[in-house]
Amino acid sequence: MEEKDNISKTYNPAEFEDKLYNNWMEKGYFHAEPDKNKKPFTIVIPPPNVTGQLHMGHALDETLQDILIRYKRMKGYCTLWVPGTDHAGIATQARVEAEIREKEGLSRYDLGREKFLERVWDWKKMYGDRIINQLKKIGSSCDWERERFTMDEGLSKAVKEVFVNLYNKGLIYQGSRIINWCPHCVTALSDVEVEHAEQAGHFWHIKYPIKDSDGFVVIATTRPETLFGDTAVAVNPEDERYKNLVGKTLLLPLTDREIPVIADEYVDKEFGTGCVKITPAHDPNDFEVGQRHNLEQIKVMNDDATMNAYAGKYEGMDRYECRKAMIEDLEKAGLLVKVEDHSHNVGQCQRCGTTVEPIVSKQWFVKMKPLAQPAIDAVKNKETEFVPEHFKKVYFHWLENIRDWCISRQLWWGHRIPAFYCDDCGEMVVTKEEKAVCPKCGKEMRQDSDTLDTWFSSALWPFSTLGWPDKTEDLEYFYPTSVLVTGYDIIPFWVMRMMFSGIEHTGEVPFKKVFIHGLVRDPQGRKMSKSLGNGVDPLEIIDKYGADALRFTIATGNAPGNDMRFYTERVEASRNFANKIWNASRFTLMNLDITENKLPDLADLQLEDKWILLKYNDVVKAVTENLDNFELGVALSNLYDFIWDNFCDWYIELVKPRLFDKENPTAKTAQYVLTYVLSNTMKLLHPFMPFITEEIWQHLPHEGESIMISSWPEYDEKLNFRQEAESMELIMHAISAVRNRRAEMNVPPSKKAKVIIVTDETEVYSCGISFFEKLASASEVEVTTSKDGIDLSAVHIVVPSAEIFLPMEELVDRDKEIERLTAEKKRLEGEIKRVEGKLSNKGFVDKAPAQVVEQEREKGEKYRSMLDKVLESLTALQ
RNA sequence: GGGAGUUUAGCUCAGCUGGGAGAGCGUCUGCCUUACAAGCAGGAUGUCACAGGUUCGAGCCCUGUAACUCCCACCA
């Protein structure tokens, strides 16, 4: 829209999106500083991984946040949207390791910790901006001056502070527990990082000979290779079959070890053989049994899941190789009783899919129970509310069943655990300092080589990004944040952990609302994923259809919290909507010779002006309310309907005769109304479609620099032209009815016909004469109160307020007309019957609200009067 | 074994606190009407999963059933 008379005929977003975004950035509209005269509205972005590339999930997440932020900004809040990225420990490290291995054939151990970390930082510098630039493409109005990274200096400080605090409170501890070990990533994982999948496996029944006897017991196992770590066989104390075995000694097959038979409640008599091999170092249940019976823990695997020396001749084999080999050996030795098919749940590493090994290991843990309770209470007390509300059930379910959080990772990329050890005396110190000296022997201490779970730093994101632990002005003003926007899949990883962290460390909930959305799926309903290759690249969509079209698609067509399927066809429809807006604006601009944007003198307003202003006023109210209730999709469809159906299809058409008639004194009024309504509608639409709305707003007469810092339209009581709008709608209804009849009779628009309107509302219909001429292809319009002199066998249309006659004799097919009127008669009779049924129901009349009853009465009257007219017409035809 | 969600037009989905079933896409008819064919006008298509219940009135509330999806869970 460079020049008023040189506006491109179709919407071409590539021409202006980047230009507008850069301008917004240069002007500093995204930046926020604490402003005591305004209320704060804060969102922190769910930080995407530095290694990541923008996908549809991000596009959805960012769009929703941007809608809220832009809306609140226009509403006059001091709005801050904090952007940033996450270091994503495992993912990033794995990525860089793979690259180095591929290009140089080296492993991270070849490089050493320091050199390797340099390489990761190089990688981060190179690719860290990529995702940020992609976020900009969809129009995100983040305060880029405040961009943060989970491993930058300030956030690292917060991480240490939290670790030391929790340690001092006894909420962080080190312990040997069964953890999930990924042999591929070579690190411990927390429970949530393990995904369970049903897998077909086997149940091997193996004989364990009883010492000094010919007897044996049979145990059933799905994991025979852990046999080398067995330190007992357990039976249920109530199990009569095995009572006399308890206390006996068994010979562990393939080894020269002896293990006892013990009794423990944990064993289910009904399952398997009723005898369970106990491997405390490789199974969480066995671990607990082992604790109760004071059994030795024998780890039989190395960190890469190859067998260690305890496996004897199988040492060095991979766990599955070993399994195969030992089963063969057991069979040869006659110790294998049988093999059954058995499917069971197997844990897999969320990142690489490798089957995790439960393994006993010394790790750091966060004690969860004391932290979980306040986080549960805060949601119960509505200090933080979920939208949609039902997601709080998921949240409660997690927190109520929570177990301690394993936070140490055997990775190099991440926050190093601030614990130091003295190699001489074994002393340990936890401190925020960079270095530590042994308090006992004065020797320089060695820092723990492990790093923290990435989510440990993410959990602090809402306050660490605002300067915590320092008491900054930002923290004071912007915290707690207003809304957190994220997908339901991330509730256990992140939402929950931010909640208890915020409450524990700042004494306040980190956000007042959690706005949960669903997942973006492919047209078959599958999750979009790299391996399936079914992902749609948001950047390609933006290139082709524009960011606004993508945003529209994503923000509409589904309810909050539900998954959505992504169809390119829907983006096309969205782009078409943008094109519609574009052309309506072109039309407006082409017919404009005013330079001010203001409401015209209300006394000059015509019927259609009042109608569109009322509709506009209604849409202001609806959109505002829906945005306040997080019903973004509903708000957007309010705008879609208003713009397309009301503004374009009706108002522009209604106003054309005036605009094109230079003599018409109300032509200017129409220009003012067009400008006012269009310009304000662009404001309402701006949070959803920021680019096209800015572009159009700039070309219309306006005040201020940019639509994005203009003020949000408000409902205006003086535009509430209810009665005039009703009159206008009578006319519109009649026009539609005439169009309908003409279409049914296949009358081309070029063939004009006379229209005679018989009505009591002559004043109203007289106002509508020009509309009938323009919109209903009328050659001449006569408005009268009497049917005298009208040929009643003409085409006859009955609408609630009038009867309309189209004297087009050559087109009237008598039989068809009778058929149609008979059908209409039937329909009206049906309606009348329904209404009368209702009204004769005493229960309805007595109990339904008076207003509803009155409505029914009016309907009844309307139908009866229409029926009379139809009957009259039928009589005349026959 | 627990928990959650979904079930509405051919497809994908809306339907706010219960008061005559909607949109987009697709489809059919007619239109290149000086903003827009990425368009205009008009049309067709639904036992709102099923069975009960509450109510004057149920797509919406309650109970149960079925199908699908997802999450959680240590039966070796």
Side-chain angles (χ1 to χ4, degrees), chain A residues 7 9-11 178 191-192 196 203 219-223 226 234 266-268 270-279 283-288 342 344-345 347 358 390-391 393-394 396-398 401 488-489 491-492 518-519 523 525 545 556-559 561-567 569-570 572-591 622 625-626 629 631 633-634 637 640-641 648-649 652-653 656 660 736 739-744 746-750 774-775 777 831 834-835 838 841-849 851-853 855-856 859:
Chain A
I7 303 163
K9 197 173 163 183
T10 51
Y11 162 68
I178 292 279
D191 294 338
V192 282
H196 294 271
F203 225 180
I219 58 91
T221 180
T222 54
R223 310 252 357 240
T226 62
Y266 153 70
V267 181
D268 179 351
E270 310 302 321
F271 191 79
T273 62
C275 299
V276 186
K277 65 194 270 306
I278 300 295
T279 322
D283 183 279
N285 293 309
D286 294 5
F287 177 81
E288 282 172 24
H342 181 71
H344 57 140
N345 259 337
H390 75 256
F391 282 107
K393 293 188 208 163
V394 179
F396 288 141
H397 184 254
W398 272 99
N401 298 294
Y488 60 73
D489 54 330
I491 293 173
L519 270 35
Y545 301 99
T556 194
N558 88 321
N562 288 359
D563 291 353
M564 69 167 72
R565 299 189 190 198
F566 189 89
Y567 290 87
E569 290 87 337
R570 287 192 51 218
E572 244 169 77
S574 306
R575 187 271 321 266
N576 293 352
F577 175 53
N579 187 55
K580 189 73 183 175
I581 297 170
W582 185 261
N583 276 293
S585 308
R586 258 180 74 214
F587 173 83
T588 301
L589 289 166
M590 278 162 37
N591 291 287
E625 283 175 2
N626 281 312
N629 293 325
E631 290 285 355
V634 180
S637 73
Y640 181 95
D641 294 344
C648 294
D649 286 349
I652 286 184
E653 295 306 323
K656 273 178 184 175
F660 296 160
S736 289
R739 282 168 165 177
N740 177 329
R741 288 301 295 129
R742 291 177 58 105
E744 275 180 23
N746 284 323
V747 184
S750 51
K774 170 91 178 73
L775 301 178
S777 301
E831 294 288 5
R834 193 188 57 77
V835 171
K838 263 192 159 178
N841 179 341
K842 198 160 174 299
F844 175 73
V845 178
D846 289 351
K847 296 191 181 171
Q851 197 198 343
V852 174
V853 178
Q855 266 172 21
E856 288 299 319
K859 277 182 210 165

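Just so we're on the same page: letters track the sequence lines, and every chain starts at 1. Hydrogens, waters and symmetry mates are skipped; everything else that's a heavy atom, side chains included, is used.
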**Student:** Test your reading of the model: is there a side-chain donor-acceptor pair from A:Asn579 to the backbone of A:Tyr11, 3.5 Å cut-off?
**Tutor:**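 Here the side-chain-to-backbone pair exists.
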**Student:** If I take atom CZ in residue A:Arg565 and atom C1' in nucleotide B:U69, what distance separates them, rounded to the nearest angstrom?
**Tutor:**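 That distance rounds to 10 Å.
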**Student:** Atom NZ of A:Lys393 and atom P of B:G3: how far apart are they, to the nearest Å?
**Tutor:**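 One finds 11 Å between P of B:G3 and NZ of A:Lys393, rounded.
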**Student:** Distance check needed: B:C25 C1' versus A:Glu569 CD, whole Å only.
**Tutor:**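 Rounded to the whole Å, the gap is 7 Å.
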**Student:** Distance check, C1' atoms only: B:U8 and B:G24, in whole angstrom units.
**Tutor:**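 Approximately 15 Å lies between the C1' atom of B:U8 and that of B:G24.
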**Student:** Distance check, P atoms only: B:C60 and B:A9, in whole angstrom units.
**Tutor:**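 The same atom, P, in both gives a distance of 15 Å.
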**Student:** Taking the C1' atom of each, how far is B:U45 from B:G26, in whole Å?
**Tutor:**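 Pairwise C1' distance, B:U45 against B:G26, rounds to 12 Å.
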**Student:** Considering non-hydrogen atoms only, spot the tightest contact between A:Lys838 and A:Val845 and give its length.
**Tutor:**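 Scanning both residues, the minimum pair turns out to be O-CG2, 4.5 Å.
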**Student:** Take atom P in B:G64 and the same atom in B:G5, then report the distance between them in whole Å.
**Tutor:**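 So the two P atoms sit 14 Å from each other.
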**Student:** Quick one: label A:Asn558 by what it contacts on the DNA or RNA (base, sugar-phosphate, nothing), any heavy atom closer than 4.0 Å.
**Tutor:**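 If one applies the 4.0 Å heavy-atom cut-off, A:Asn558 turns out to touch the sugar-phosphate alone, with no base involved.
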**Student:** Not counting sequence neighbours, which residues clear ring-ring contact (aromatic ring centres under 6.0 Å, His included) with A:His342? List them please.
**Tutor:**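 For A:His342 the ring-ring contact (aromatic ring centres under 6.0 Å, His included) partners, ignoring immediate neighbours, are A:Phe203, A:His344.
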**Student:** Contact class for A:Val394 vs. all strands (heavy atom < 4.0 Å): base, sugar-phosphate, or nothing?
**Tutor:**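 If one applies the 4.0 Å heavy-atom cut-off, A:Val394 turns out to touch nothing in the nucleic acid.
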**Student:** Taking only the side-chain heavy atoms of A:His397 (C-beta and beyond), determine which of B:A76, B:A73, B:C72 contains the nearest atom.
**Tutor:**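 Ranking B:A76, B:A73, B:C72 by closest atom to the A:His397 side chain puts B:C72 first.
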**Student:** Is there a side-chain contact between A:Phe844 and A:Val853 (heavy atoms, below 4.5 Å)?
**Tutor:**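 Answer yes - side chains close enough.
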**Student:** Within the 4.0 Å heavy-atom criterion, would you say A:Val267 contacts the bases, only the backbone, or no part of the nucleic acid?
**Tutor:**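 Base, at least one base atom sits under 4.0 Å.
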**Student:** When you get a sec, tell me which of B:A76, B:G15, B:A4 is the closest nucleotide to the side chain of A:Phe203?
**Tutor:**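 The answer is B:A76, which lies nearest to the side chain.
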**Student:** For A:Tyr488 and for A:Glu288, find the nucleotide of RNA chain B with the closest heavy atom, then tell me which residue's nucleotide is more 5'.
**Tutor:**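 Final value for this comparison: A:Tyr488.
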**Student:** In B/S/- notation, 5' to 3', how is nucleotides 35-42 of chain B contacted by protein heavy atoms closer than 4.0 Å?
**Tutor:** BBSBSSSS
**Student:** Can you tell which of B:A76, B:G19, B:C74 lies closest to the side chain of A:Val276?
**Tutor:**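 Of all the options, the side chain of A:Val276 is nearest to B:A76.
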**Student:** To the nearest angstrom, how far is A:Asn562 atom CG from B:C68 atom C1'?
**Tutor:**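 The answer, rounded to whole Å, is 15 Å.
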**Student:** Ignoring backbone atoms, test whether A:Arg570 places a side-chain nitrogen or oxygen under 4.0 Å from the OP1 or OP2 oxygen of B:C25.
**Tutor:**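 Indeed not, no polar side-chain atom of A:Arg570 lies that close.
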**Student:** Between B:C13 and B:G46, how many Å separate the two C1' atoms, rounded to a whole number?
**Tutor:**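 The same atom, C1', in both gives a distance of 15 Å.
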**Student:** Base, sugar-phosphate alone, or nothing: which one does A:Arg834 contact when heavy atoms must sit under 4.0 Å apart?
**Tutor:**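 Since a base atom lies under 4.0 Å of A:Arg834, the category is base.
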**Student:** How would you label the contact of A:Ala573 with the nucleic acid (heavy atoms, under 4.0 Å): base, sugar-phosphate, or nothing?
**Tutor:**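 Contact class for A:Ala573: sugar-phosphate only.
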**Student:** Let me check I have this right: for RNA chain B, each base becomes ., (, ), [, ] or |, based on Watson-Crick or G-U pairs with both distances under 3.5 Å. What is the full string?
**Tutor:** (((((((..((((.....[..)))).(((((.......))))).....(((((..]....))))))))))))....
**Student:** Looking only at atom C1', what distance separates B:A35 and B:U69, rounded to whole Å?
**Tutor:**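 Those two atoms are separated by 45 Å.
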**Student:** Quick one: which of B:U29, B:G24, B:A76 gets closest to the side chain of A:Tyr640?
**Tutor:**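 Within the option list, the nearest is B:G24.
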**Student:** Scan A:Phe271 against the nucleic acid and name what it touches under 4.0 Å (heavy atoms): base, sugar-phosphate only, or nothing.
**Tutor:**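 Here A:Phe271 touches the bases of the nucleic acid.
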**Student:** Within a strict 4.5 Å, meaning less than it, do heavy atoms of the A:Thr226 and A:Lys277 side chains meet?
**Tutor:**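 Yes, at least one pair of side-chain atoms sits under 4.5 Å.
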**Student:** In whole Å, I'd like the distance from the CG atom of A:Asn629 to the C1' atom of B:G15.
**Tutor:**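 A:Asn629 atom CG is separated from B:G15 atom C1' by 15 Å.
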**Student:** Write down the distance separating the P atoms in B:G19 and B:C36, rounded off to the nearest Å.
**Tutor:**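 These two P atoms come out 42 Å apart once rounded.
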**Student:** Would you indicate whether the side-chain heavy atoms of A:Glu631 and A:Glu625 approach each other to under 4.5 Å?
**Tutor:**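 SC-SC contact between A:Glu625 and A:Glu631 ruled out.
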**Student:** List the residues meeting side chain to side chain donor-acceptor pair (under 3.5 Å) with A:Ser574, not counting sequence neighbours, and say none if there are none.
**Tutor:**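 If we apply the side chain to side chain donor-acceptor pair (under 3.5 Å) test to A:Ser574, skipping adjacent residues, the hits are A:Thr553.
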**Student:** A:Phe391 CZ to B:C71 C1': how many Å, rounded?
**Tutor:**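 Nearest whole value for this atom pair: 11 Å.
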**Student:** Quick one: is A:His344 getting a side-chain N or O under 4.0 Å of the B:C74 phosphate, OP1 or OP2?
**Tutor:**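 Checking A:His344 against B:C74: no side-chain N or O falls below 4.0 Å of OP1 or OP2.
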**Student:** Rounded to the nearest angstrom, tell me the gap between atom CG in A:Asp489 and atom P in B:C70.
**Tutor:**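 In whole Å, B:C70 P and A:Asp489 CG are 13 Å from each other.
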**Student:** Side chains of A:Ile652 and A:Phe587, heavy atoms from C-beta outward: is any pair under 4.5 Å?
**Tutor:**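 Of all side-chain heavy-atom pairs linking A:Phe587 with A:Ile652, at least one is under 4.5 Å.
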**Student:** Both A:Pro748 and A:Ala559 contact RNA chain B. Which one's nearest nucleotide lies toward the 5' end?
**Tutor:**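 Of the two residues, A:Ala559 wins.
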**Student:** Could you state the CD-P distance from A:Gln855 to B:G19, rounded to the nearest angstrom?
**Tutor:**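 Checked: the CD to P distance equals 11 Å.
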**Student:** Could I get the full list of side-chain contact (heavy atoms from CB on, under 4.5 Å) partners for A:Arg741, not counting sequence neighbours?
**Tutor:**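 Expected list: A:Glu744, A:Met745, A:Val795, A:Ile797, A:Glu817, A:Arg820.
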**Student:** Which value, in whole Å, describes the distance between the C1' atoms of nucleotides B:C16 and B:C31?
**Tutor:**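 So the two C1' atoms sit 39 Å from each other.
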**Student:** Quick one: list whatever passes ring-ring contact (aromatic ring centres under 6.0 Å, His included) with A:Phe577, sequence neighbours left out.
**Tutor:**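 Residues passing ring-ring contact (aromatic ring centres under 6.0 Å, His included) with A:Phe577: A:Phe552, A:Tyr640.
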**Student:** Would you call A:Ile491 and A:His397 a side-chain contact if the rule is heavy atoms closer than 4.5 Å?
**Tutor:**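 The answer is no; the side chains never approach within 4.5 Å.
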**Student:** Can you check whether A:Asp283 reaches A:Pro358 side chain to side chain, under 4.5 Å on heavy atoms?
**Tutor:**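 A:Asp283 vs A:Pro358: side chains apart.
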